[in-house]
There are 2 protein chains.
Amino acid sequence: MAQAKTDDTSSKRAPERHKRGLIDATLDLISEIGIPDTTVSLIIERAGVSRGMIHLHFGSKDKLLIAAIRAFCEDYDAVLERVLEDVEQNPVERVMALIRADLGEALLNERSARIWHAFRGVANPSPDLKRYCGTRDGRARDVMKDAFVTLARQDHAQDGDMLVRDATFGTLALLEGMYVDYLSNTQSFSRRDAERIIRRFIAGLFPDHF
Amino acid sequence: MAQAKTDDTSSKRAPERHKRGLIDATLDLISEIGIPDTTVSLIIERAGVSRGMIHLHFGSKDKLLIAAIRAFCEDYDAVLERVLEDVEQNPVERVMALIRADLGEALLNERSARIWHAFRGVANPSPDLKRYCGTRDGRARDVMKDAFVTLARQDHAQDGDMLVRDATFGTLALLEGMYVDYLSNTQSFSRRDAERIIRRFIAGLFPDHF
DNA sequence: ATACATAATGGACGCACGTCCATTAGTGAC
DNA sequence: GTCACTAATGGACGTGCGTCCATTATGTAT
């Protein structure tokens, strides 16, 4: 058996590296000039590869786009996962850590916010893309819901189900709204303000904990 | 002086009617197949006019796009304005009327949500479009802020400025988030739940009024 | 009636797009 | 060193785009 398939940087034949290069170039261009203007010629120029590579590795430009958003979402999830590993079990801290991570520069920056919006904008007509865009699914939602369930039980809250649902759904909606506002108003956007507002929302539902 | 310039439907020469027809066709197509696939050929076919009309009336396809989003936003604002005229002066009722209007079928439906997202997605690279997309400007924000100012004064709240800012900003962010969620999950989206969640957020900040 | 102004037409044009494939270059096996 | 295999190249191809303009149709003023 030959040595591992991982691409050493010196090799001129490195399909995985080239695939990743094409995906990164695509994401960069989308964040800079938008999806409609992101052409095959610009992508290959940015990635520094030849014209046939997209067809060779992805089959078509559309499939490259799908691979790009998939990779983008996987990176996003990976960052969240890493945050959740490091944080303690206290549900209040877990929720706030999630929010802080979502609002931090690693996840909420101009590039990523633009990419999110660009994909959202074209996702509806295309089910292949829509699959990757849900807010309601995914780790973040589950972790948050679990934390709120714990708190609702501690409080012996009546109608705890609705409380948990409202808290989870509302927090995610607030985070979504913050992303939109970040893009509309990047320079005056305040991560501190955003975090405080979300905290105030949760504090209204769980006054004893936040 | 001849009769009014308003287009009677029988006339074959009706520039204003044709302009509006092109704009409506453009918005329809954007909501159905997205901006990248909305071509000149499809627009004129949908509008039932000839190929040269876009160049004649708007100068180019790009300018038609800008005119379309402008018209879309004006319609949106007009609906809000009409709601605000009918509602009483009580600040609590004004805020809730605004929220209810924003979540109502007239403003939040599949077509409009898709159009919003499509334009948001391409707006960042294009300042001409970005101008029309802000959440933080506009009537809705001002009306909401005024209402919260009134309430904060009644409560003699300390740090009322921050309270008002957080309430305004947070409510708008929640509404934005609801729009995103509506699109991601149209069939299971509940306007009632959305309204209740936003109300709970505001109630946390103004417990004596909501 | 006639002339004038302009709304509207639709085909032609050049260009840039995404796709594809015959060819070349690089890599590991024998 | 040779062979076999596959990654990578880059130009050619056809398609469909947006733009434009010479022409026609329509309504208005004289």
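Letters A, B, ... mirror the listed sequences (proteins, then strands); counts begin at 1.
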Could you list, one pair per line, each protein nitrogen or oxygen that sits under 3.5 Å from a nitrogen or oxygen of nucleotides 13-15 of chain C, together with the distance?
none

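- In this structure, the CD1 atom of B:Ile44 is 11 Å from the C1' atom of D:dG18, given to the nearest Å.
- Listed by first and then second residue, the ring pair (Phe, Tyr, Trp, His ring centres under 6.0 Å) pairs that reach into residues 87-114 of chain A come to none, sequence neighbours excluded.
- Here B:Arg111 pairs with B:Asp28 under the side chain to side chain donor-acceptor pair (under 3.5 Å) rule; sequence neighbours left out.
- Residue A:Ser50 places at least one side-chain N or O under 4.0 Å from the OP1 or OP2 atom of D:dT9.
- Applying the side chain to side chain donor-acceptor pair (under 3.5 Å) criterion to B:Arg196, with sequence neighbours excluded, gives A:Asp166, B:Asp193.
- Comparing C:dT9, C:dA8, D:dT19 by their nearest atom to the side chain of B:Val49 picks out C:dT9.
- Aromatic ring orientation, B:Phe72 versus B:Phe119: tilted (interplanar angle from 30° to 60°).
- Proximity of residues 19-41 of chain B to DNA chain C (heavy atom under 4.0 angstrom from any strand atom) is not detected for any residue.
- Nearest-nucleotide positions on DNA chain C for A:Met53 and B:Met53 put B:Met53 closer to the 5' end.
- Scanning for ring-ring contact (aromatic ring centres under 6.0 Å, His included) contacts around B:Phe206 gives B:Phe148, with sequence neighbours left out.
- Remark: B:Glu93 engages no residue in a side chain to side chain donor-acceptor pair (under 3.5 Å) (not counting sequence neighbours).
- Residues meeting the side chain to side chain donor-acceptor pair (under 3.5 Å) test with A:Arg82, sequence neighbours left out: none.
- Qualifying ring-ring contact (aromatic ring centres under 6.0 Å, His included) partners for B:Phe210, counting only residues two or more places apart in sequence or in other chains: none.
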Please list, pair by pair, any protein nitrogen or oxygen found under 3.5 Å from a nitrogen or oxygen in nucleotides 21-25 of chain C.
none

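- Taking every side-chain heavy atom of A:Arg51 into account, C:dC20 is the closest of D:dA7, C:dA7, C:dC20.
- Remark: A:Phe58 engages no residue in a ring-ring contact (aromatic ring centres under 6.0 Å, His included) (not counting sequence neighbours).
- Residues in residues 52-71 of chain A take part in these side chain to side chain donor-acceptor pair (under 3.5 Å) pairs, two or more places apart or across chains: A:Arg70-A:Tyr132.
- Taking 4.0 angstrom as the limit, B:His18 places a side-chain polar atom (N or O) nearer than this to OP1 or OP2 of C:dA8.
- Across all strands shown, B:Leu56 has heavy atoms under 4.0 Å from base atoms, whether or not it also approaches the sugar-phosphate.
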